[in-house]
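Convention: sequence-line order gives letters A, B, ...; per-chain numbering from 1.
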Amino acid sequence: MKAIKLDKIIKKINDDFSISGNAHSKTIDNTTTPAAANKKSLIWLKSSEKILEHLNNTAAEVIICRKDFDVPVEFLKSKCFIKVENPKLTFLRLVDYFFSEKPVYKIHSSAIISPNAKVNKKVSIGPHTFIGGEVVIGKGTIIRGNCFISNKVIIGQNVFINAGVVIGSEGFGYSRNDKGELEKFPHIGGVIIEDEVEIGANTCIDRGTLGDTIIRKGAKVDNLVHVAHNVDIGKHSLVIANTMIGGSTVIGDECWVAPSVSLMNGIKIGNKSTIGMSALVTKDIPEGETWAGVPAQPMDKFIALQKKLKNLL
Amino acid sequence: MKAIKLDKIIKKINDDFSISGNAHSKTIDNTTTPAAANKKSLIWLKSSEKILEHLNNTAAEVIICRKDFDVPVEFLKSKCFIKVENPKLTFLRLVDYFFSEKPVYKIHSSAIISPNAKVNKKVSIGPHTFIGGEVVIGKGTIIRGNCFISNKVIIGQNVFINAGVVIGSEGFGYSRNDKGELEKFPHIGGVIIEDEVEIGANTCIDRGTLGDTIIRKGAKVDNLVHVAHNVDIGKHSLVIANTMIGGSTVIGDECWVAPSVSLMNGIKIGNKSTIGMSALVTKDIPEGETWAGVPAQPMDKFIALQKKLKNLL
Amino acid sequence: MKAIKLDKIIKKINDDFSISGNAHSKTIDNTTTPAAANKKSLIWLKSSEKILEHLNNTAAEVIICRKDFDVPVEFLKSKCFIKVENPKLTFLRLVDYFFSEKPVYKIHSSAIISPNAKVNKKVSIGPHTFIGGEVVIGKGTIIRGNCFISNKVIIGQNVFINAGVVIGSEGFGYSRNDKGELEKFPHIGGVIIEDEVEIGANTCIDRGTLGDTIIRKGAKVDNLVHVAHNVDIGKHSLVIANTMIGGSTVIGDECWVAPSVSLMNGIKIGNKSTIGMSALVTKDIPEGETWAGVPAQPMDKFIALQKKLKNLL
């Protein structure tokens with residue numbers, strides 16, 4: 001890669017920043033972790049206990065860190081520190097600008113698009129992906145390979161769908177008849193995926209039974225997540241890997257759902273709430289709360305219970 | 001959609017029913033949830049605490065409800081109530097008849113069928129699906145796109161397999177040798193999927209090691225379920241999303257396995273038993289019992305333990 | 001299948017063994033479970049409580065068992081016992097030699113290989129599989145159908161990848177900006193899959209953010225496992241179905257990770273450690289230890305806690 005001068009990097013920082021140390025004739029041509037860095041690497045340092053350890057063990061000379069990081073004087077001679085409010089955010093924007101592979105808008109020749117799907121010209125659709133009828137796909141959206149997008153799925157702009165995703169699968173709803181046999185509840189609803197949503201690999205999103213399943217603007221869903229019929233995931237919420245969301249459950253805006261969580265069907269998770277790893281949630285969670293445990297309860301009760309259990313031993 | 005007159009609907013009800021309210025010149029042309037309904041919607045009302053709330057908030061005029069629902073007199077003037085024993089079941093049969101997309105029996109041009117597979121003519125096989133050798137597929141079976149059906153898989157009639165499903169994958173069995181390396185146990189068995197089974201999206205069903213893995217008549221398996229080698233799932237049982245079934249485990253008939261359950265290998269779940277969400281089952285469960293918890297125990301013990309834990313706080 | 005004489009079988013046993021019983025003119029032409037066996041079946045008997053029950057109920061006449069199994073005298077007249085140290089291992093090697101389908105090295109015509117991927121000639125790549133750019137695939141490797149192998153993935157020799165696997169998907173890392181929106185951390189790292197690794201169906205392995213995600217020599221990963229960015233799985237370790245491994249977590253060599261486990265991001269699991277089913281691991285586990293529970297703790301503490309909880313009732 002071509003060398004990038006420090007002043008070119010600095011021009012791309014939109015946040016407040018200050019420079020400490022030696023900025024003289026610095027250039028970068030790669031980005032990596034502190035340990036793997038060479039003199040031409042751009043790195044960032046997390047504000048953790050180990051920050052000095054990382055700093056001692058890196059060859060990088062251009063470093064993004066928090067503005068309140070008190071750089072030990074011995075590093076100021078050789079290294080250049082770009083100090084910002086949120087180093088992770090500043091770093092990711094720089095990496096995105098200078099190092100990310102830019103998407104190419106192209107429909108792979110092996111993808112199959114139903115004739116009555118409405119697909120914007122500026123999209124990328126990967127190999128062996130199928131796009132069903134009555135599907136709409138907005139501008140800037142990227143769908144990787146081996147995806148199966150069934151009928152009645154509306155996908156917004158700048159959505160990113162990883163490989164192996166199934167959207168619009170028949171939901172799981174049955175009624176047992178008097179012979180003990182299961183009769184299927186027909187699923188005639190659709191799926192709505194709003195702008196800037198991201199969906200992880202091999203995740204499944206079922207179509208609604210009568211209404212629609214909805215994933216709202218900017219929400220991010222990780223790999224191997226089950227999103228049942230009529231689920232509603234709020235704006236800018238995160239749902240992490242292997243999580244199971246039961247039918248008709250509503251997750252509010254800006255929530256954090258940790259990995260391997262199970263959310264019962266028909267419950268409501270308030271805005272800005274947080275659910276801990278492997279939790280089993282069987283009740284509504286009020287706005288802004290943090291819950292954990294199996295079954296899940298508010299964090300203070302969960303911690304108190306863990307202490308009591310420790311004392312039993 | 002064309003309007004359907006009430007008498008046409010009533011003719012399709014096979015169960016006992018009675019009509020209350022105003023049946024005069026009712027027609028429907030859609031079906032949806034109570035809240036989203038208009039005057040031409042067919043809806044059903046669940047017998048929950050919220051039934052009056054739903055009734056107050058719906059514009060629908062043709063409503064299926066339980067025969068013991070005491071309809072408030074003010075609704076009888078404008079709306080028509082079809083009262084039955086099991087409204088969900090009656091409703092789903094009507095929706096299936098009047099509103100479901102009917103399957104088209106067709107093998108997609110991008111599907112690949114091994115020359116020595118025996119595939120009935122009346123089947124539907126989706127795009128980018130692969131059907132291996134020594135596979136049999138019965139009449140009326142639907143296999144969606146991106147499925148991989150390996151060798152030695154027998155699939156019955158009227159089976160429904162969602163997108164992304166893998167059937168017949170090599171099971172996971174190894175023996176550690178004296179160097180600490182893992183040597184693979186060869187899997188030479190097959191998979192048997194009986195009539196009317198349904199398999200959810202991205203679910204994996206491993207082939208047997210020596211014998212076969214079996215999913216019996218009418219059983220329904222949801223999305224992202226792992227069915228290990230030599231598992232045997234009984235007739236008309238339900239296995240819900242993200243569940244993990246260990247090798248050689250046997251699930252009886254008419255069981256209910258909730259989402260995110262883990263069943264240890266080599267155990268037996270009796271007929272008509274119920275397993276609660278996120279349970280970890282490490283022992284046999286006798287017929288007809290309900291178990292929950294991590295590790296799972298009979299429901300009364302589970303509830304007693306939850307109470308004791310609450311009292312600790 | 002053609003009959004195989006006992007002496008031909010015995011020649012293929014590399015381990016120490018002794019013969020008990022009647023070896024006269026025995027031949028086999030199949031292998032199966034004890035219950036399903038006929039006179040021409042090769043079987044093995046596990047050293048469990050039920051060993052006599054299995055022996056009483058099998059028609060097999062060539063039986064591999066442990067060298068310390070005291071065969072009841074009444075079976076010695078008709079059956080031939082091959083006694084070895086590790087019957088499972090001896091049996092699996094024989095089955096592999098005599099009964100396994102041998103892989104055919106062939107790239108399916110529907111597979112798509114990027115022009116700048118370096119693929120050895122002796123590989124098998126299944127239908128509807130995609131191999132991205134900058135991918136290397138070593139000799140003897142088998143990749144089944146419907147896999148999506150993204151850019152920057154290095155796959156060693158004799159690797160086995162089941163159907164539906166996604167390797168190199170974009171990891172899940174975001175930073176919330178001051179508007180509450182999520183901005184994506186670019187993932188520019190790759191994935192390294194070393195020799196003799198096996199990957200289960202529909203498993204997802206994310207690419208590293210800056211460094212690489214690594215699965216080391218001989219490790220086996222089961223179906224529906226989530227391997228997040230920058231995870232490092234050690235040599236000859238087993239990771240069983242539906243497990244979730246958080247970003248940058250390191251699993252040592254020769255570990256056993258049971259099904260449905262969740263490993264928090266950024267932790268270290270020591271060599272030769274064992275993690276019980278459904279455990280939630282939130283801390284480092286020292287070498288050689290066995291942990292279980294939600295949250296996980298050392299086995300002795302876990303068992304003590306289970307006892308205390310039982311006493312509460």
Write down the atom of A:Leu305, the atom of B:Leu313, and the distance for their closest heavy-atom approach. N-CD2, 3.5 Å
Identify the two heavy atoms, one from A:Leu224 and one from B:Leu224, that lie closest to each other, and give their separation to 0.1 Å. O-CD1, 3.6 Å
With rounding to the nearest 0.5 Å, note down the distance linking CE in A:Met264 to CE in B:Met277. 7.0 Å
Which atoms of B:Val294 are under 4.5 Å from chain A, going by heavy atoms: the side chain, the backbone, both sets, or neither? side chain
Rounded to the nearest 0.5 Å, how far does CZ of B:Phe91 lie from CG of A:Leu210? 4.5 Å
Distance-only, no hydrogens or angles: does the B:Asp96 side chain make a donor-acceptor pair with backbone N or O of A:Pro186 under 3.5 Å? no
Side chain of A:Asn177, backbone of B:Leu89: donor and acceptor closer than 3.5 Å? no
Interface residue of largest heavy-atom contact number with chain B, from A:Ser150, A:Gly180, A:Ala304, under 4.5 Å: A:Gly180
Between SG of A:Cys204 and CG of B:Asn202, what distance do you get to the nearest 0.5 Å? 4.0 Å
Less than 4.5 Å apart, side chain to side chain, heavy atoms only: is that true for B:Pro259 and A:Ser262? no
Option in B:Ala241, B:Gly218, B:Ser237 with maximal non-hydrogen atom pairs under 4.5 Å from chain A: B:Ala241
Side chain, backbone, both or neither: which part of B:His236 has a heavy atom under 4.5 Å from chain A? both
Check whether any side-chain heavy atom of A:Arg176 sits under 4.5 Å from a side-chain heavy atom of B:Leu238, and report yes or no. yes
Is it the backbone or the side chain of B:Asp222 that comes under 4.5 Å from a heavy atom of chain A, or both, or neither? both
Please report the shortest heavy-atom distance between B:Pro127 and A:Ile112, naming the atom on each side. CB-CD1, 4.0 Å
Checking B:Glu196 against chain A: side chain, backbone, both or neither under 4.5 Å from a heavy atom? neither
Has B:His128 got a side-chain atom pairing as donor or acceptor with A:His128's backbone, closer than 3.5 angstrom? yes
Nearest heavy-atom neighbours spanning A:Lys184 and B:Leu92: O-CD1, 3.0 Å
Selection from A:Asn242, A:Leu280, A:Thr129 maximising heavy-atom pairs under 4.5 Å formed with chain B: A:Leu280
Which atoms of B:Trp44 are under 4.5 Å from chain A, going by heavy atoms: the side chain, the backbone, both sets, or neither? side chain
Could you grab the distance from atom CD of B:Glu254 to atom NZ of A:Lys179, nearest 0.5 Å is fine? 12.5 Å
For the residue pair B:Lys88 and A:Tyr174, would you count it as a cation-pi contact if the rule is NZ or CZ under 6.0 angstrom from the ring centre and within 45 degrees of the ring axis? no
Specify which of B:Ile43, B:Asn162, B:Thr33 makes the most heavy-atom pairs with chain A at under 4.5 Å. B:Asn162
At a heavy-atom separation under 4.5 Å, does B:Gln306 approach chain A through its side chain, its backbone, both, or neither? side chain
Could you give me the CA-CA distance, side-chain angles and deciding distance for A:Phe172 and B:Ile240, then say whether side-chain contact (heavy atoms from CB on, under 4.5 Å) is met? CA-CA 8 Å; A:Phe172 197 76; B:Ile240 312 185; 3.7 Å; yes
Stepwise side-chain contact (heavy atoms from CB on, under 4.5 Å) check, B:Glu198 with A:Glu170: CA-CA 10 Å; B:Glu198 301 196 16; A:Glu170 305 281 313; over 6 Å; no
Take the angle between the ring planes of A:Phe130 and B:His108 and call it parallel below 30°, perpendicular above 60°, tilted in between. perpendicular
Regarding B:Asn223 and A:Asp206, is there a side-chain donor-to-acceptor distance under 3.5 Å anywhere? yes
Among the options B:Leu309, B:Asn86, B:Thr32, pick out the one with the most heavy-atom pairs lying under 4.5 Å from chain A. B:Thr32
Identify which part of B:Val165 has an atom lying under 4.5 Å from any heavy atom of chain A, answering side chain, backbone, both or neither. neither
Sort B:Ala36 into side chain, backbone, both or neither according to what part of it lies under 4.5 angstrom from a heavy atom of chain A. neither
